> 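Got a structure for you, questions after.
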Amino acid sequence: MALFFRINSRRCLELQKLSSGVGIRSLSDASVDLKKIIADKIPKEQERIKAFRKSHGSKKVGDITVDMMYGGMRGIKGLVWEPSVLDPEEGIRFRGLSIPECQKLLPKATNGTEPLPEGLFWLLLTGDVPKDAQVKAISEEWASRSALPVHVTKALNNFPKTLHPMSQFSAAITILNSESEFVKAYSSGVHKSKYWETTYEDTMNLIAKLPVVAATIYRNIYNDGKGIGSVDAGKDWSFNFSTMLGYDDPDFIELMRLYLTIHADHEGGNVSAHTTHLVGSALSDPYLSFAAGMNGLAGPLHGLANQEVLVWLQKLRGEIGDNPSDEELKNFIWKTLKSGQVVPGYGHAVLRKTDPRYTCQREFALKHLPDDSLFKLVSQVYKVVPPILLETGKVKNPWPNVDAHSGALLQHYGMKEMNYYTVLFGVSRALGVLANLIWARALGLPIERPKSLSTDQLIKSINV
Ligand SMILES: CC(C)(COP(=O)(O)OP(=O)(O)OC[C@H]1O[C@@H](n2cnc3c(N)ncnc32)[C@H](O)[C@@H]1OP(=O)(O)O)[C@@H](O)C(=O)NCCC(=O)NCCS
């Protein structure tokens, strides 16, 4: 009995030690030097993972079935992703914090009520909830790194207006890699233990520049290229982005702070996150890795769904008007399904409940625009769609995801250009996937290379 107790308490201690890593939130460190904070955490985290793998490296975490291999690898646990974890019932947790907890705990702008994305980035990277001064330091740092090289501005100004904003966004990010510190360090033969340092520099530069790239695209396509103004070093990232886009309504700026926070990360298996990680694992620089992720975000089953929702709602309004009855709405939804289309903004590969990112946008709408006609329509769709998707008998999650709501909010504040919406998503997504890339380099994760089989081999392998 005594031996049993000793062994168990030793195991408990061991587990406690293993689980107290970067994910522990502490408010004690007041330094505003984010890079130094990461530098201090890296060796501890490396040790923790080394110890974990030494004791448990051969343990099984799941089985793989034939259906999983043909089914988009759904449910296969095959990736380590540090910044966030997605629970099917509860939704996303950023370093353990839910969206409502982030809304409560993360620093806000003066007179603001929504979290600043700078604070979320700090949380995703360090596991700590930052203080106001730390977030302010990030705002200032991003402002100071925001200038675009001339060749990128020129390329953006030369794109035809007809080129989709996401293509422009991805292309501009790709050619921004002329600035990569990682590339310079790699070609000068820097030791691999230092790869994370220049990945950090590239990340900070890229995140700083994304609003300028995105605003230039917006102004070029929809505003005859009229000047985007300049970044104010005394203001936050979302404020500067909003004003460069041409929006100075304080409520729109608050919406942007919320929007850029909630779209940042959704664990590692989604297309944009996984692609950034995969391409990054070949030691492609952060610009190339993130641009690849953006090409995935541009797909209609992923980030482009926020554009598709608006296209679908417009079609709906065109056919059955602004105030349809539930019956008219049901018929329209069935028509969509029978024509072999998906209902955009509904369903999810992992979630099995209403996406909390949808819920917090709904709460924003209830607070700021309760009488908006499009918001009312979105609410009616929320009531009518899920039972219909359940009735099809095949949709695993009939509930709305993040994309079902965002467009309606943007429309309210005058951003009517739905082709552009995925770019906003992309600016936010940088925060999560690049935070993870820094950790992937710090932990020395290898090139990703899962094994594939042909159908013939697969059949042989299970002895049919
Ligand atoms: C997100 C999405 C791609 C997840 O795909 P998934 O994991 O394969 O989803 P499921 O396992 O529930 O799919 C089972 C079936 O239901 C269908 N389905 C899922 N969501 C659907 C929707 N919103 N409308 C109609 N059919 C849907 C699938 O197309 C699939 O049909 P099939 O067997 O004929 O191929 C899917 O729900 C979808 O296409 N949603 C609409 C696009 C969207 O909002 N994307 C943004 C996601 S954040």
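Start at 1 with the first residue, then count along the sequence. Note that the coordinates shown come from a computational prediction; the quantities given were computed from them, not determined experimentally. Read the numbers this way: they start at 1 and go in the same order the structure lists the ligands and their atoms.
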> Protein heavy-atom contact under 4.0 Å for atom 35 (O) of ligand 1?
no
> Hey, are Asp202 and Lys209 close enough for a salt bridge, meaning a charged N less than 4.0 Å from a carboxylate O?
no
> Run the salt-bridge test on Lys335 and Glu319 with the 4.0 Å N-O cut-off and return the result as yes or no.
yes
> Is the Tyr346 to Trp312 ring centre distance short of 6.0 Å?
no
> Counting heavy atoms only, which of Pro300, Gly340, Gly71 comes nearest to atom 42 (C) of ligand 1?
Pro300
> Can you pull out the closest protein heavy atom to atom 48 (S) of ligand 1? Residue, atom name and distance to 0.1 Å, please.
Asn401 CG, 3.7 Å
> Among Arg74, Lys394, Lys396, which residue places a heavy atom closest to atom 6 (P) of ligand 1?
Arg74
> What protein heavy atom sits nearest atom 9 (O) of ligand 1, and how far off is it?
His348 O, 4.6 Å
> Check step by step if ring-ring contact (aromatic ring centres under 6.0 Å, His included) holds for His405 and Phe375.
CA-CA 8 Å; His405 215 303; Phe375 168 55; 5.6 Å; yes
> Is Glu45 salt-bridged to Arg48, cutoff N-O under 4.0 Å?
yes
> Tell me: protein heavy atom nearest atom 40 (N) of ligand 1, and distance?
Tyr346 O, 2.9 Å
> I want to know if ligand 1 touches Val402 in the polar sense, i.e. an N/O pair below 3.5 angstrom.
no
> To check your reading of the model: name the closest protein heavy atom to atom 27 (C) of ligand 1, its residue, and the distance in Å.
Val395 CG2, 3.6 Å
> Is the closest protein non-hydrogen atom to atom 2 (C) of ligand 1 under 4.0 Å?
no
> Donor-acceptor check, side chain of Trp399 to backbone of Pro386, threshold 3.5 angstrom: yes or no?
no
> Tell me which protein heavy atom sits closest to atom 43 (C) of ligand 1, plus the residue, atom name and distance to 0.1 Å.
Ala305 CB, 3.6 Å
> Look only at the side chain of Asp87 and the backbone of Glu89, and say whether a donor-acceptor pair between them is shorter than 3.5 Å.
yes
> Quick one: which ligand 1 atoms are inside 4.0 Å of a heavy atom on Asp403?
46 (C), 48 (S)
> Salt bridge or not between Lys136 and Glu118? Use side-chain N to carboxylate O under 4.0 Å.
no
> Distance only, no hydrogens: is a donor on one side chain within 3.5 Å (strictly under) of an acceptor on the other, for Ser379 and Arg362?
yes
> Identify, for atom 44 (O) of ligand 1, the protein heavy atom at the shortest distance, and state residue, atom and that distance.
Gly345 N, 2.8 Å
> Which residue owns the protein heavy atom closest to atom 29 (O) of ligand 1, what's the atom, and how far is it?
Val342 CG1, 4.2 Å
> Can you check which of Leu301, Asn270, Val343, Leu351 brings a heavy atom nearest to atom 22 (C) of ligand 1?
Val343
> Would you say Arg95's side chain and Leu124's backbone share a donor-acceptor pair under 3.5 angstrom?
yes
> So which heavy atom in the protein is nearest atom 4 (C) of ligand 1, and how far is it from that ligand atom?
Ala349 N, 3.7 Å
> Find all atoms of ligand 1 within a distance of less than 4.0 Å from any non-hydrogen atom belonging to His302, and give their numbers and elements.
46 (C)
> Any idea which part of Leu337 is under 4.0 Å from ligand 1, heavy-atom wise: side chain, backbone, both or neither?
side chain
> How about Glu90 and Ser98: does a side-chain donor come under 3.5 Å of a side-chain acceptor?
no
